[in-house]
Amino acid sequence: GMPPARLLKFLIVGASGVLVNDALLVALYDGAHLPLIAASILATEVSTLNGYIWNDRWTFGRRDFSLIRLAQFHLVSLGGLGIATTTLWTLATLAGLHYLLANLAGTALATLWNLEANRLWTWRAQPPHFRNRP
């Protein structure tokens, strides 16, 4: 697992991402009058970039910018979206659960996925580098 302090940071960054996404959605849709889907895509992309930067620097303490890690984070986030949406649809449609409870379950599963996939893949521990010694 992840050390408790790092887990807390990851969850704080994720929660802040929801706020960034919602604030941008309001600004772009209600303020700038962009079509809803365009506003949603832009808000999601900006909140994903925000989440990556905060997790990379603050949660995992990396100082080198990496397009590879950024791409990995995006793919993990896309997987999380798929898990959340599939869980919401399945529990609400097939199991008859209230959609907000189904969404909460989907968000919880997606959070677990994002946490573990990013820990094991995006920010996996790098093996130490050994120098040749005479």
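Note that these values count all heavy atoms, side chains included, but never hydrogens, waters or copies made by symmetry.
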Enquirer: Minimum heavy-atom separation for Thr59 and Lys9, please, with both atom names.
Expert: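 Shortest heavy-atom contact: OG1-CB, 3.6 Å.
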
Enquirer: Sequence neighbours left out, cut at 3.5 Å: what donor-acceptor pairs do the side chains of residues 37-48 make with other protein atoms?
Expert:
| residue | atom | partner | partner atom | Å |
| --- | --- | --- | --- | --- |
| Thr44 | OG1 | Asn21 | ND2 | 3.3 |
| Thr44 | OG1 | Ser40 | O | 2.8 |
| Glu45 | OE1 | His74 | NE2 | 3.1 |
| Glu45 | OE2 | His74 | NE2 | 2.8 |
| Ser47 | OG | Asn21 | ND2 | 3.3 |
| Ser47 | OG | Ala43 | O | 3.3 |
| Ser47 | OG | Thr44 | O | 3.0 |
| Thr48 | OG1 | Thr44 | O | 2.8 |

Enquirer: Any chance you could pull the hydrophobic cluster mates of Leu112, using side-chain heavy atoms under 4.5 angstrom and chaining through other members?
Expert: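 Once heavy-atom contacts under 4.5 Å are chained together, Leu112 still belongs with nothing else.
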
Enquirer: Sequence neighbours left out, what passes side chain to side chain contact (heavy atoms under 4.5 Å, CB included) with Thr87? Give chain and number order.
Expert: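 By the side chain to side chain contact (heavy atoms under 4.5 Å, CB included) rule, Thr87 matches Ile83, Leu91, Ala105, Leu109.
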
Enquirer: Do Leu115 and Leu70 sit in the same hydrophobic cluster, where Ile, Leu, Val, Met, Phe, Trp and Tyr count as joined when their side-chain heavy atoms come under 4.5 Å apart?
Expert: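 Both belong to a single hydrophobic cluster.
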
Enquirer: Just grab all the salt bridge (Lys or Arg N to Asp or Glu O under 4.0 Å) pairs involving residues 77-97, residues at least two apart or on different chains.
Expert: none

Enquirer: Closest approach of Gly80 and Ala110, non-hydrogen atoms and distance?
Expert: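 Scanning both residues completely, I find the closest heavy atoms to be O-CB, 3.3 Å.
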
Enquirer: For Asp56, which residues count as a side chain to side chain contact (heavy atoms under 4.5 Å, CB included) partner, sequence neighbours excluded?
Expert: Tyr52, Arg62, Arg69, Trp123

Enquirer: Mind checking whether Leu67 and Phe60 sit in one hydrophobic cluster, side chains of I, L, V, M, F, W, Y counted as touching below 4.5 Å?
Expert: yes

Enquirer: Taking all non-hydrogen atoms of both residues into account, name the closest pair between Asn118 and Thr122 and its distance.
Expert: OD1-OG1, 2.7 Å

Enquirer: Using a side-chain heavy atom cutoff under 4.5 Å and only I, L, V, M, F, W and Y, what cluster partners does Trp89 have?
Expert: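 Leu94, all in the cluster of Trp89.
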
Enquirer: Running the 4.5 Å side-chain criterion over Ile, Leu, Val, Met, Phe, Trp and Tyr, what cluster does Trp58 land in, apart from itself?
Expert: Leu8, Ile12, Val13, Trp54

Enquirer: Following the transitive rule for hydrophobic clusters with a side-chain heavy-atom cut-off under 4.5 Å over Ile, Leu, Val, Met, Phe, Trp and Tyr, establish whether Leu11 and Val18 coincide in one cluster.
Expert: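 Per the 4.5 Å side-chain linkage, Leu11 and Val18 are not co-clustered.
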
Enquirer: Apply the hydrophobic cluster definition, ILVMFWY joined by side-chain contacts under 4.5 Å directly or through others, and give me every member besides Leu88.
Expert: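 Tyr99, Leu100, which link up through side-chain heavy atoms under 4.5 Å apart, make up the rest of the cluster.
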
Enquirer: If the condition is ring pair (Phe, Tyr, Trp, His ring centres under 6.0 Å), which residues does Phe10 pass it with, not counting sequence neighbours?
Expert: none

Enquirer: Which residue pairs satisfy the salt bridge (Lys or Arg N to Asp or Glu O under 4.0 Å) criterion with at least one member in residues 102-123, sequence neighbours excluded?
Expert: Glu116-Arg119

Enquirer: In terms of hydrophobic clusters joined by side-chain contacts under 4.5 Å, are Ile68 and Val76 together?
Expert: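 No, no single cluster joins them.
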
Enquirer: Tell me the side-chain hydrogen bond (donor to acceptor under 3.5 Å, both in side chains) pairs involving residues 25-38, sequence neighbours left out?
Expert: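 Passing the test, one end in residues 25-38: no pairs.
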
Enquirer: Holding to side chain to side chain contact (heavy atoms under 4.5 Å, CB included), I want the full list of residues that pass it with Leu104, two or more places apart in sequence or in another chain.
Expert: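 By the side chain to side chain contact (heavy atoms under 4.5 Å, CB included) rule, Leu104 matches no residue at all.
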
Enquirer: Measure from the side-chain N and O atoms of Trp121 to the backbone N and O of Phe73, and report whether any donor-acceptor pair falls under 3.5 Å.
Expert: no

